[in-house]
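Reviewing the structure listed below.
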Amino acid sequence: MAKYVLKRLAMMILVVLGISFIVFLIMNLTPGNAAQMILGQSANPEQVAKLEAELGLDQPFFTRYFNFILGALRGDFGQSYQTRLPVFDEILARFPTTLCLATLAMMLATLVGVPVGVISAIRQYSIVDNVSMVTAMLFASLPSFVMGLLLQLSFALNLKWFPATGADSLRSFVLPAITLSAGTMATLTRMTRSTMLEVIRADYVRTARAKGVGERQIVLRHCLRNALLPIVTVIGVDFGTVLGGSVVIESVFALGGLGTLLITSIRMKDTPVVMAAVMFITVTYSLVNLAVDLIYAFIDPRVKSQYTKG
Amino acid sequence: MSVKENSAIRKRSQLSLIWHRLRRNRLAMLGLALMSAILLLAVFADVIADYDTKVVGMNMAERLQTPSAKHWFGTDGYGRDVFARIIHGSRLSLSLSIISMLIAVAVGSMIGAISGYFGGRVDDVLMRLMDMLLAIPPMLMSISIVAALGRSMANLMLALALAYMPVFARVIRSSILSVKDQEFVEAARACGTSDARIILRHIIPNAVGPIIVQATLAMGSSILTISSLSFMGMGIQPPQPEWGTMLYEGRDLIRTSPYLVIFPGAAIAVSVLSLNLLGDGLRDALDPRLKN
């Protein structure tokens, strides 16, 4: 088991390094001179060259990448072009909001999606099943920001149950979290239903029933446990979608998380902040997937045995 | 000659079998009908509403009118007809997502085919690279590329193609792994067929089914990404009638004129829904386990 964890950790470090290289490469494709951009068009060539040397922009690409990685390891992501403050501090201040939003959305999606999926599978073709499948289809097709705008209009602006914007209390997270969870909730419901349907018809379930095991036990212990793997996979994969989606939803509800920081920094062409924000979100996603892979090994004896033997 | 005829007959029967199965799926047919209708509206957009006068031309005298017989979906803050803008918007969304998916499929298939066919070191390197690309959420990837390269339609397409390419590489690779050791590939190799020809003529056709399913679903998801980017001001720029751009412009007027958000939102939802229904149906129709 320890071997598996180590192997998986090594792989993650490699992937994170690769991602950082891709992101660094993309950000360096930006046309135009960064130093010129900071100083404005009026700056003379000497000033630009001086700032370039100061920021290390005159170095070759790989040297800059290497320096970026060395700095990042020490928690130094450089300074913002705009505010001249350390990027890391700003990211750290914003990160909890995004993480909180994404986690809430994911929890909501799981707590609603999985039970509804299970019930739909048990009562296949019933009214409950049909209604939840149609709803899931609609949720999967409606863009999250449209749903956000509509929820904002009805529950914040008209009914005034929740604040429309800002992140002052937990109440401010209710509407954004619901909005963000819709897509994943739909995927989870559909996924749970279809795996449960496959499992329900399996021989061992019939055997359990023949033995006289209670229906509750059959559903929870025999079916759901086996349907858990694909469910956990969806949760892992969709965490990325939710993190990406939070960039959009944060701007709808004016939550001051990484997403809004990312968008304003892009408008200001503040490359170090953009890079750090993208890196942070992607690394979080990789960590979640690492956790998912470890949970796999935990819940699936087949995966576990592969590594305990070797 | 007779071999050729035989294979032609077999191919047709295979296709008609799939079509037969698809036709029995009511939801899939609904998706197909909706998508066809949207495509027709996109093709004949100019006949339905003139671009210069109704879609981008402003008419302050008729601004913010609620839906009526004259303006089915009302008018926006510049007096432009929302219905006409949505119809013309379908051109942008559909063409952008179709072109970027074609690029993603072409490049992704090549990478997946090379990876699966040659295996070993090549496979390792290419697949780790795809893993890294997949580890960046599509939305973030698109945002980064558009942020770095600037806002233009070409960059948007590039961003989408790059974000969705790894998925296709994976699909093709797994299809190839399942057919590459079969006898017909060995036979082709024994005849002295080149690697490139084996991949293009013998292996890729076997992976067409899963690719079409994946492309249909990815097209829906790319329409969502395009509109999200435009909504954040990083995709299609006003005054072009992209759906996300319309939502961006209508957002501040949501309290007084909610229809400015509802209609473009519904347009996105209906197109994505139809692609999802069609994609799901195609998946079932192509699934040999669900035959009959």
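Quantities reported herein were computed from a predicted structural model and do not represent experimental measurements. Letters go in sequence order (proteins before strands), and every chain restarts at 1.
Considering all non-hydrogen atoms of both residues, A/Met27 and B/Ala148 come closest at CA-CB, 4.2 Å. Taking each heavy atom of A/Leu153 and B/Pro258 in turn, the nearest pair found is CD2-CB, 3.7 Å. The shortest non-hydrogen separation linking B/Gly265 to A/Pro143 is O-CD, 4.3 Å. Counting all heavy atoms, side chain and backbone alike, A/Thr282 lies closest to B/Ala135 at CG2-O, 3.1 Å. Counting all heavy atoms, side chain and backbone alike, A/Tyr285 lies closest to B/Leu134 at CE2-O, 4.0 Å. In this structure, B/Ser228 and A/Val248 approach most closely via the heavy-atom pair CB-CG2, 4.2 Å.
Contact annotation for A/Val252: both backbone and side-chain heavy atoms come within less than 4.5 Å of a heavy atom of chain B. Contacts of A/Leu142 with chain B are made by both backbone and side-chain atoms, with heavy-atom separations under 4.5 Å. Looking at A/Leu17, there are no atoms closer than 4.5 Å to chain B (heavy atoms on both sides), in backbone or side chain. In this structure, the portions of A/Leu149 lying under 4.5 Å from any heavy atom of chain B include both its backbone and its side chain.
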Run the side-chain contact (heavy atoms from CB on, under 4.5 Å) test on A/Val247 and B/Met232 for me, step by step, so that the C-alpha distance in whole Å, both residues' side-chain angles and the decisive distance to 0.1 Å come before the verdict. CA-CA 9 Å; A/Val247 175; B/Met232 288 183 296; 4.2 Å; yes
Stepwise, does the side-chain contact (heavy atoms from CB on, under 4.5 Å) test hold for B/Leu224 with A/Phe145? CA-CA 10 Å; B/Leu224 286 181; A/Phe145 60 94; over 6 Å; no
Please walk me through it: do B/Asp280 and A/Arg190 pass side-chain contact (heavy atoms from CB on, under 4.5 Å)? CA-CA 11 Å; B/Asp280 280 354; A/Arg190 285 158 47 100; 2.6 Å; yes
Pair A/Gln152, B/Ile254 - check side-chain contact (heavy atoms from CB on, under 4.5 Å), show working. CA-CA 10 Å; A/Gln152 197 177 37; B/Ile254 185 170; 5.5 Å; no
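Under a 3.5 Å cut-off, the side chain of B/Arg255 and the backbone N or O of A/Leu157 do form a donor-acceptor pair.
Side chains of B/Met141 and A/Ile26 form a contact here, defined as non-hydrogen atoms less than 4.5 Å apart. Considering only heavy atoms from C-beta on, B/Ile143 stays 4.5 Å or farther from A/Val278 through its side chain.
Once rounded to the nearest 0.5 Å, the distance linking OG of B/Ser144 with CD1 of A/Ile22 reads 10.5 Å. The distance from atom CE of A/Met137 to atom CG of B/Asn276, rounded to the nearest 0.5 Å, is 5.5 Å. To the nearest 0.5 angstrom, A/Ser286 atom OG is 9.0 Å from B/Ile136 atom CD1. In this structure, the separation between OG on A/Ser20 and CE on B/Met132 is 9.0 Å, given to the nearest 0.5 Å. With rounding to the nearest 0.5 angstrom, the OG atom of A/Ser251 is 5.5 Å from the CZ atom of B/Arg251.
No more than 12 heavy atoms of other residues, nucleotides or ligands lie within 6.0 Å of CD1 in A/Ile127, so this atom counts as exposed by the packing criterion. No more than 12 heavy atoms of other residues, nucleotides or ligands shown are found within 6.0 angstrom of OH on B/Tyr248. In this structure, A/Phe61 places its CZ atom where more than 12 heavy-atom neighbours from other residues, nucleotides or ligands lie under 6.0 Å away.
The greatest number of non-hydrogen atom pairs below 4.5 Å with chain B, out of A/Val15, A/Asn289, A/Leu14, is found for A/Val15.
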